[in-house]
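Source: prediction; values computed, not measured. Reminder, nothing fancy here: chain letters follow the sequence lines and each chain counts from 1.
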Protein chains: 2
Amino acid sequence: MEEKLPTIDSVFSIDCLIFGFDAGELKILLIERNEEPFKDWLALPGYFVKQEESVDDAADRILYELTGLRDLPMKQFHTFGEVNRHPQGRVITVGYYALIRINGQKELRPISHYAKKAIWHSVNNLPKLAFDHTEIFNNGFGKIRRRLNYQPIAFDLLPEKFTLTQLQGLYEAILNKKLDKRNFRKKMLSYGFLKELVEKQKGVSYRAAKLYKFDRRKYSKIFQNEMGV
Amino acid sequence: MEEKLPTIDSVFSIDCLIFGFDAGELKILLIERNEEPFKDWLALPGYFVKQEESVDDAADRILYELTGLRDLPMKQFHTFGEVNRHPQGRVITVGYYALIRINGQKELRPISHYAKKAIWHSVNNLPKLAFDHTEIFNNGFGKIRRRLNYQPIAFDLLPEKFTLTQLQGLYEAILNKKLDKRNFRKKMLSYGFLKELVEKQKGVSYRAAKLYKFDRRKYSKIFQNEMGV
DNA sequence: ATTTAATGGTGTAATTTTCACACCTTATAT
DNA sequence: ATATAAGGTGTGAAAATTACACCATTAAAT
């Protein structure tokens, strides 16, 4: 009894899908690899899980080491377990995603030498990625799109204070379709979890829009278990 | 380059959540373990993934070996990666689920000696399960409950021909709440994917109900990408 | 033959949600 | 002053959701 099992180092990995929103465009965080295989290719930030850390912890550590971003609220979306997905051997990987404010984050600066650099790339016109990362991206992006319809995940991508037009632009970028302005505003406001601020937009050469905040407390009260958090 | 990685045997596993519906009750498939650790305990059917098989393939094989059930349409729902979830070492497990017709299946008969037997147990009053299987169960069951609201997963649990009352009973069992009979029928029929049969229920000591079939072809046509398959 | 027990089967009105659609207002730059 | 660019607003039609109660049918029991 109590015999020891082998270690998981080098056979189990994490890949991260980090979405940001900037200049009306949805972006994904990629790294330029500095290691074989796929040296110099663009890839999702990802690396091996260590023996003594939980998978969730590994996701945080790996993202930090490859991009300099820390403590993002990442969640699992799928585990990829095909036999030949890694050229050097059998590696199972679990995909995590997070939606974040690009400008709320410090600059991208890989800590580990496995990444040459980290960049934000539009989700449109993605180049071919290393390994099966294109498939991982498509899988995760699809799930997030569907989730947007019943969970308030979009607010994580916006600055703390935002206008309704920015919010709508974000929904349109994720869903990849135009929405009706009046209906969108009516619906968003009807939920009751947007807090209207006195403050207005500044530095625009047109009528300044009201700013809003996402009120997470109100959201939790209103929806509790309904929206399937 | 092209160095070989270690193998994944004994560090990566599958656990299966197989739901069935019988006598108005939702059931879960459990095995009685025949091996330490947790010998003699009830557990979810689960075992280690082999080096040369995909994770999806492993799920099919393992379920078959432990319960005798084959080729169920299982899907992943979450990967559990805490460091101390297995007493003998570091094991990461991926949870799969399926919803099936209990009576449409051959009898339960473990092939491998790792399971003494396999049984159907009500999802209510579950005993303490081996490992962190209670947590895995709760996680998966919660997801299925939510999924029921936008995907026609319930039909997999019923016999091919079923009455609307049976279908409603199943929804009530999964959602754990009473539904209005007229509204339920109206809504189900309005989808247009239920095919009314000429045949009626037999062997009941009250008015025989019409039988229906779930028409998967019509379903796909109607909903295509809408319901987030 | 009659009664009983159990489920089958049906419709309507009120409410809520969704959707389609167009114009005036405001702030700034010139 | 005027041109520009986005801000901000309401209504009516259609669809979906909800609440709600009674008679019909069958087999078994008497």
Sort and list the pairs that fulfil side chain to side chain donor-acceptor pair (under 3.5 Å) and have at least one residue in residues 21-32 of chain B, not counting sequence neighbours.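 Every pair satisfying side chain to side chain donor-acceptor pair (under 3.5 Å) with a residue in residues 21-32 of chain B: B:E25-B:S122, B:E32-B:K116.
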
Return all side-chain donor-acceptor pairs below 3.5 angstrom for residues 198-213 of chain B, not counting sequence neighbours, or 'none' if the list is empty.
from   : atom 1 : to     : atom 2 : distance (Å)
B:E199 : OE1    : B:K161 : NZ     : 2.8
B:Q201 : OE1    : B:A209 : N      : 3.0

In whole angstrom, give the distance that lies between atom [atom1] of [X] and atom [atom2] of [N].
{"X": "A:L189", "N": "D:dG10", "atom1": "CG", "atom2": "C1'", "result": "14 Å"}
{"X": "A:R185", "N": "D:dG10", "atom1": "CZ", "atom2": "P", "result": "12 Å"}
{"X": "B:F184", "N": "D:dT17", "atom1": "CZ", "atom2": "P", "result": "13 Å"}

Among B:D56, B:D15, B:L63, B:L44, the one residue meeting side-chain contact (heavy atoms from CB on, under 4.5 Å) with B:Y96: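 Between B:Y96 and the candidates, side-chain contact (heavy atoms from CB on, under 4.5 Å) is satisfied uniquely by B:D56.
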
Please figure out whether A:Q201 or A:N183 has its closest DNA chain D nucleotide nearer the 5' end.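 Its nearest nucleotide being more 5', the pick is A:Q201.
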
Heavy-atom donor-acceptor pair, A:K143 side chain to A:F77 backbone, under 3.5 Å: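 Between the backbone of A:F77 and the side chain of A:K143 there is a qualifying donor-acceptor contact (under 3.5 Å).
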
Do A:D71 and A:Y64 have side-chain atoms, one donor and one acceptor, less than 3.5 Å apart?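 Note: A:D71 and A:Y64 side chains miss the donor-acceptor criterion.
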
B:Y97 and B:R147: side chain donor to acceptor below 3.5 Å: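 A donor-acceptor contact under 3.5 Å links the two side chains.
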
Sequence-aligned protein contact record of nucleotides 21-30 of chain D, with B where the base is within under 4.0 Å of a protein heavy atom and S where only the sugar-phosphate is: B--BBBSS--

Check each residue of residues 158-173 of chain A for a non-hydrogen atom within less than 4.0 Å of any atom in DNA chain D, then write out the ones that pass by number, or none.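 A:T165 - these, ordered by number, are the residues of the stretch whose heavy atoms sit under 4.0 Å from the strand.
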
Residue pair A:I111, A:L66: steps toward the side-chain contact (heavy atoms from CB on, under 4.5 Å) verdict: CA-CA 6 Å; A:I111 312 300; A:L66 294 175; over 6 Å; no

Tell me what B:K210 touches on the nucleic acid: a base, only sugar-phosphate, or nothing, going by heavy atoms under 4.0 Å.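 Sugar-phosphate: the residue B:K210, judged by heavy atoms under 4.0 Å, touches backbone atoms but no base.
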
Determine, using ring centers only, whether A:F141 and A:F19 are less than 6.0 Å apart.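 Yes, the ring of A:F19 comes within the 6.0 Å limit of the ring of A:F141, centre to centre.
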
Indicate, with yes or no, if the rings of A:F12 and B:F12 have centres closer together than 6.0 Å.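 Between B:F12 and A:F12, which both carry aromatic rings, the centre distance is below 6.0 Å.
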
If you count heavy atoms of other groups shown closer than 6.0 angstrom to CZ of B:R145, is the number above 12?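 Enclosed: over 12 neighbouring heavy atoms sit under 6.0 Å from CZ of B:R145.
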
Would you kindly compare B:Y212 and A:D180 by the position of their nearest DNA chain C nucleotide and give the one closer to the 5′ end?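 This one resolves to B:Y212.
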
Under the salt bridge (charged side-chain N to carboxylate O under 4.0 Å, His left out) definition, can you give me all pairs with a residue in residues 175-195 of chain A, not counting sequence neighbours?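 Checked against salt bridge (charged side-chain N to carboxylate O under 4.0 Å, His left out) - neighbours excluded - the pairs reaching residues 175-195 of chain A are A:E172-A:K178.
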
Which nucleotide span of DNA chain C, 5' end to 3' end, has atoms closer than 4.0 Å to non-hydrogen atoms of chain B?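 Listed 5' to 3', the contact boundaries are C:dA6 to C:dT12.
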
